[in-house]
**Student:** 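The structure that follows is given in the form of structure tokens.
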Amino acid sequence: MDQVATYFDMGGYGLFIWPCFAVSVFVLLVLYLSSRRRLIILEKELATLERRRQKRSGRNISSSTEESLS
């Protein structure tokens, strides 16, 4: 048990190190979650744009096919 207390004390600097470690972990977690959320939003937006493009290109293909048949 004494070894655990010595480890967390870190030579008297534990009161400075552990809060800094906690803040760093928190910031990294927030960055990960916000990046992940933004990625999901952008992927949905990209899928919507691709569907619109496919609809437009589908119309263009059918209209050009009709013109070539005439």
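If you're wondering where the values come from, they're calculated on a predicted model, not measured in any experiment.
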**Student:** Applying side-chain contact (heavy atoms from CB on, under 4.5 Å), can you list everything that pairs with Y7, at least two apart in sequence or on another chain?
**Tutor:**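 Counting only residues at least two positions away or on another chain, Y7 forms a side-chain contact (heavy atoms from CB on, under 4.5 Å) with M10, W18.
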
**Student:** Look up atom CG in D2 and atom OG1 in T6, then write down how far apart they are to the nearest 0.5 Å.
**Tutor:**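 D2 CG to T6 OG1: 4.5 Å, rounded to 0.5 Å.
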
**Student:** Identify the two heavy atoms, one from P19 and one from G14, that lie closest to each other, and give their separation to 0.1 Å.
**Tutor:**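 Heavy atoms of P19 and G14 come nearest at CD-O, 3.8 Å.
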
**Student:** Taking side-chain contact (heavy atoms from CB on, under 4.5 Å) as the test, write out the residues that go with I41, two or more places apart.
**Tutor:**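 I41 satisfies side-chain contact (heavy atoms from CB on, under 4.5 Å) with R37, R38 only.
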
**Student:** Can you sort out the partners of R53 under side-chain contact (heavy atoms from CB on, under 4.5 Å), two or more places apart, ordered by chain and number?
**Tutor:**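 R53: no side-chain contact (heavy atoms from CB on, under 4.5 Å) contacts found.
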
**Student:** Side chains of residues 20-36: which donor-acceptor partners sit under 3.5 Å, not counting sequence neighbours?
**Tutor:**
unit_1 : atom_1 : unit_2 : atom_2 : d
S24    : OG     : C20    : O      : 2.9
S34    : OG     : V30    : O      : 3.1
S34    : OG     : L31    : O      : 3.1
S35    : OG     : L31    : O      : 2.8

**Student:** Could you tell me which residues satisfy side-chain hydrogen bond (donor to acceptor under 3.5 Å, both in side chains) with R51, sequence neighbours excluded, listed by chain and number?
**Tutor:**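 For R51 the side-chain hydrogen bond (donor to acceptor under 3.5 Å, both in side chains) partners, ignoring immediate neighbours, are T48.
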
